[in-house]
Amino acid sequence: MDPQTAADSFARRLRESARKERAVEEQAYLKSDLQHLGASVPQIRAAAKDLHRSAPDLSHAQVVELVRTLWKRPIHECRVGCVELLWLYRDELRPTDMALLEKLLRESKTWALVDSLAVNVTGDLVERYPQLGSVLDRWARDDDFWIRRSAMLALLKPLRRGEGDFERFAGYADAMLEEKEFFIRKAIGWVLRETAKKQPNLVHEWLVPRTSRASGVTMREAVKPLSTEQAEALMAAYRERKP
């Protein structure tokens with residue numbers, strides 16, 4: 001399959017699903033500089049799955065070229081499609097593709113692209129190749145808050161299962177705990193919340209000495225799966241801190 005032809009066909013299908021009203025609303029909601037067609041996420045996923053079914057055996061080089069070709073189009077739905085295709089062809093990705101994922105994350109500049117790229121695609125690659133944790137360590141110190149957010153979210157899936165590298169995440173979160181950026185605060189709370197579903201005591205013990213530093217966004221998310229007693233004690237400690 002020629003990547004350029006596949007990208008053209010994919011984009012054409014999305015245009016056929018276009019809804020102008022949806023496009024205007026979504027572009028305003030995401031504050032996006034990209035063109036929006038108005039295709040829904042289920043429609044984009046269906047198009048990606050059909051492409052994958054028609055060409056399940058694309059080589060690594062073909063997958064990368066297809067994604068690069070499609071991503072170059074300044075169209076939101078095409079970029080969402082890239083994320084879906086990277087997930088569908090995830091077994092073709094290699095450690096060296098972290099450079100490509102970092103490039104896409106830097107150019108995303110919205111949770112609507114960053115989160116799936118970080119949680120699903122990057123997270124899967126890091127889980128398969130644990131040595132890539134050193135790349136996440138660098139990301140966690142990056143000037144771009146979307147890259148810092150991605151470093152944490154890439155660790156989410158195994159933590160959600162009650163496994164994973166909580167120590168690494170905790171190090172990142174501790175360093176970012178007092179940041180003012182909403183998307184950092186939310187990400188810390190998100191990962192803590194999901195971790196707490198399987199390991200509530202671990203999250204509780206981590207939060208106890210940090211209630212004076214964590215934001216309200218982080219705290220409210222993190223305590224959701226905890227026992228009523230644990231959650232109330234942590235929130236009381238948070239509210240008692242000095243302004």
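Distance CZ/Arg15 to CD/Gln35: 5.0 Å, rounded to 0.5 Å. Remark: Thr122 OG1 to Leu86 CG distance equals 9.0 Å, nearest 0.5 Å. Separating the CG atom in Leu192 from the CD atom in Glu221 is a distance of 10.0 Å, to the nearest 0.5 Å. To the nearest 0.5 Å, the span separating CZ on Arg138 from CG on Leu132 amounts to 11.0 Å. In this structure, the separation between CD on Glu178 and CD1 on Ile184 is 14.0 Å, given to the nearest 0.5 Å. Note that CD of Glu179 and CD1 of Ile188 are 7.0 Å apart. Values are rounded to the nearest 0.5 Å.
The aromatic rings of Phe166 and Trp206 sit perpendicular, their planes meeting at an angle over 60°, well past the 30° parallel limit.
In terms of hydrophobic clustering, with Ile, Leu, Val, Met, Phe, Trp and Tyr side chains grouped at heavy-atom distances under 4.5 Å, Leu30 and Val24 are assigned to different clusters. Leu14 and Leu34 sit in two unconnected hydrophobic clusters of ILVMFWY residues. Membership requires side-chain heavy atoms under 4.5 Å apart, directly or through other members. The hydrophobic clustering, which links ILVMFWY residues whose side-chain heavy atoms are closer than 4.5 Å, places Val41 and Phe10 apart. Follow the hydrophobic side-chain contacts under 4.5 Å out from Val217 and you reach Val114 in the same cluster. Note on Phe182: it clusters hydrophobically with Tyr238, by side-chain heavy-atom contacts below 4.5 Å among ILVMFWY residues.
Using a 4.5 Å heavy-atom threshold, the side chains of Tyr129 and Val135 count as separate. Residues Met235 and Arg220 are in side-chain contact: their nearest non-hydrogen atoms beyond the backbone lie under 4.5 Å apart. In this structure the side chain of Asn120 reaches within 4.5 angstrom of the side chain of Lys157, judged on heavy atoms. Taking 4.5 Å as the limit, every side-chain heavy atom of Leu51 sits out of range of all side-chain heavy atoms of Leu88. Side-chain contact check for Val63 versus His60: every heavy-atom pair is 4.5 Å or farther apart. A heavy-atom distance below 4.5 Å is found between the side chains of Trp71 and Leu113. Side-chain contact between Met98 and Leu136: present, with at least one pair of heavy atoms (C-beta onward) separated by less than 4.5 Å. Val223 has its side chain out of reach of Gln230: every pair of non-hydrogen atoms, C-beta onward, lies at least 4.5 Å apart.
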Query raised in the report: Given Tyr172 and Asp137, is the side chain to side chain contact (heavy atoms under 4.5 Å, CB included) satisfied, shown in steps?
Result: CA-CA 8 Å; Tyr172 299 167; Asp137 293 345; 2.5 Å; yes
Report task. Applying salt bridge (Lys or Arg N to Asp or Glu O under 4.0 Å), run through Glu102 and Arg106 and close with a yes or a no. Result -> CA-CA 6 Å; Glu102 182 174 339; Arg106 288 190 186 281; 2.9 Å; yes
Query raised in the report: What do the steps show when you test Arg94 against Asp97 for salt bridge (Lys or Arg N to Asp or Glu O under 4.0 Å), and what is the final call?
Result: CA-CA 5 Å; Arg94 305 169 182 173; Asp97 292 315; 5.6 Å; no
Report task. Check step by step if salt bridge (Lys or Arg N to Asp or Glu O under 4.0 Å) holds for Asp33 and Lys109. Result -> CA-CA 10 Å; Asp33 293 328; Lys109 301 186 185 303; over 6 Å; no
Query - Worked verdict on Lys186 versus Arg149 for side chain to side chain contact (heavy atoms under 4.5 Å, CB included) - result: CA-CA 9 Å; Lys186 187 74 171 182; Arg149 177 179 169 94; 4.2 Å; yes
Query raised in the report: Given Leu104 and Arg79, is the side chain to side chain contact (heavy atoms under 4.5 Å, CB included) satisfied, shown in steps?
Result: CA-CA 9 Å; Leu104 302 185; Arg79 295 191 173 187; over 6 Å; no
Report task. Begin from the C-alpha positions of Leu105 and Trp139 and carry the test side chain to side chain contact (heavy atoms under 4.5 Å, CB included) through to its verdict. Result -> CA-CA 11 Å; Leu105 286 164; Trp139 287 8; 3.6 Å; yes
Query - Trace of the salt bridge (Lys or Arg N to Asp or Glu O under 4.0 Å) decision for Arg22 with Glu77 - result: CA-CA 12 Å; Arg22 179 187 177 89; Glu77 288 85 352; 6.0 Å; no
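In this structure, Ser9 contributes its side chain and Thr5 its backbone to no donor-acceptor pair below 3.5 Å. Looking at Ser40, its side chain does come within 3.5 Å of a backbone N or O of Gln43 through a donor-acceptor pair. A donor-acceptor distance shorter than 3.5 angstrom exists from the side chain of Ser134 to the backbone of Gln131, with no hydrogens or angles considered. Not one N or O on the side chain of Ser32 forms a donor-acceptor pair closer than 3.5 Å with the backbone of Gln27. Although no hydrogens or angles enter the test, the distance criterion places a donor-acceptor pair under 3.5 Å between the side chain of Arg148 and the main chain of Asp142.
Residues Leu177 and Ala214 share a closest heavy-atom pair of CG-CA, 3.9 Å. The minimum heavy-atom distance between Arg73 and Ala7, with the atom names listed, is NH2-C, 3.9 Å. Listed here is the closest heavy atom pair of Ala23 and Leu37: CB-C, 3.6 Å. Smallest separation of non-hydrogen atoms from Leu101 and Leu117: CD2-CD2, 4.3 Å. When all heavy atoms of Ala6 and Leu66 are compared, the closest pair comes out as CB-CD1, 3.9 Å. Of all non-hydrogen atoms in Cys82 and Val67, the two that sit nearest each other are SG-O, 3.5 Å.
Because its NZ or CZ atom is both nearer than 6.0 Å to the ring centre of Trp87 and within 45° of the ring axis, Arg90 counts as a cation-pi partner of that residue.
At most 12 non-hydrogen atoms from other residues, nucleotides or ligands lie less than 6.0 angstrom from NZ of Lys198. Enclosure of atom NZ in Lys224 by more than 12 non-hydrogen atoms of other residues, nucleotides or ligands within 6.0 angstrom is indicated.
Defined by atom type and a distance below 3.5 Å, a donor-acceptor pair is present between the side-chain atoms of Gln4 and Asp8.
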